[in-house]
Amino acid sequence: MAGIYEKSVTDFRRKWDKDEYEKIAKEKLEAEQMALLEKELKEPPVKRELLQPREYKVDLDSKLGKSQVITKTTPASQQGGYYCNVCDCVVKDSINFLDHINGKKHQRNLGMSMKIERSSLDQVKKRFEMNVKKQEEKKKEYDFEERMKELKEEEEKQKAYRKEKRKERKRKADDSTGLNINVDPDMASVMGFSGFGTTKPPT
């Protein structure tokens, strides 16, 4: 009697059939996998383009220092801040706007993934050649500008030298033509040139 009582007291917990629940779990997992496969077959995966460099300049300065009246009926594109027409949202400052247009959500809406194209060896070589050509062109432009500057300076020096030479010739010519000849004071006074060519007071 005591043994039966002990068995009933200790055997009060509910027993679980492990095999049955394992079978249910497997069926559930298989159903989920089948549903996922059907979804993948129905909807082919979206093929996104590789990340491309931006071909336009981002306008961050056009609204600087300008005030704007905003009402309840003002459309989002004309509200204060920076408007993104791709995502139809307004960002309040330039730093967050740049973060937004460089972010995953914006690029996804543009149809691009965040992956970039891996450059080949030929592409890298071409880029190096292009950069070298650009540097050479800049150097040529700089040399040309320097040469033009030097030529202008040389021309100005030549002009100044010619001008000085002309003045010198004129002085010599004035000295040789005898402009220093003594003029009769009576004649000078009649003509209205009193004391012409002399500092000596009239006697």
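No experiment lies behind these values; they were computed from the predicted model shown.
- In this structure, NZ on K23 lies 8.0 Å from CD on E20, to the nearest 0.5 angstrom.
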Dump the intermediate steps for side chain to side chain contact (heavy atoms under 4.5 Å, CB included) on Q123 and R127, then the final yes or no. CA-CA 6 Å; Q123 286 174 324; R127 177 63 67 148; over 6 Å; no

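- Rounded to the nearest 0.5 angstrom, E154 CD and R147 CZ are separated by 8.5 Å.
- Scanning all heavy atoms of the two residues, the minimum distance from Q107 to I101 falls at NE2-O, 2.8 Å.
- Side-chain atoms of K170 and R166, non-hydrogen and from C-beta on, never get closer than 4.5 Å to each other.
- Annotation: M148, atom CE; neighbour count of heavy atoms from other residues, nucleotides and ligands within 6.0 Å does not exceed 12.
- To the nearest 0.5 Å, the span separating OH on Y21 from NZ on K28 amounts to 12.5 Å.
- If you chain together ILVMFWY residues whose side-chain heavy atoms come under 4.5 Å of each other, L121 ends up in a group of its own.
- By the 4.5 Å heavy-atom criterion applied to side chains, Y82 and L60 are counted as neighbours.
- Atoms CD and CD, on E164 and E168 in that order, are 7.0 Å from each other to the nearest 0.5 Å.
- Evaluated for a side-chain contact (heavy atoms from CB on, under 4.5 Å) with K165, the options R162, K163, R169 yield exactly one hit, R169.
- In this structure, H100 and C89 have side chains that are in contact, with non-hydrogen atoms separated by less than 4.5 Å.
- Going from atom SG of C87 over to atom CZ of R108 covers 11.5 Å, rounded to the nearest 0.5 Å.
- Using a cutoff of 4.0 Å between basic side-chain nitrogens and carboxylate oxygens, K152 and E155 are not scored as salt-bridged.
- In plain terms, the two heavy atoms of T74 and V69 that are nearest each other are OG1-O, 4.4 Å.
- Taking 4.5 Å as the limit, some side-chain heavy atom of E153 sits within range of a side-chain heavy atom of K149.
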Evaluation steps, side chain to side chain contact (heavy atoms under 4.5 Å, CB included), between R171 and K167: CA-CA 6 Å; R171 250 186 265 121; K167 279 183 183 176; 4.1 Å; yes

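- Taking CG from L36 and CD from E38, the interatomic distance works out to 10.0 Å, rounded to the nearest 0.5 Å.
- Side chains of R54 and N102 form a contact here, defined as non-hydrogen atoms less than 4.5 Å apart.
- By the 4.5 Å side-chain criterion applied to Ile, Leu, Val, Met, Phe, Trp and Tyr, I95 is assigned to no cluster and stands alone.
- Contacts classified as side chain to side chain donor-acceptor pair (under 3.5 Å) and involving residues 85-99 (residues at least two apart or in different chains) are given here: Y83-D88, D93-N96.
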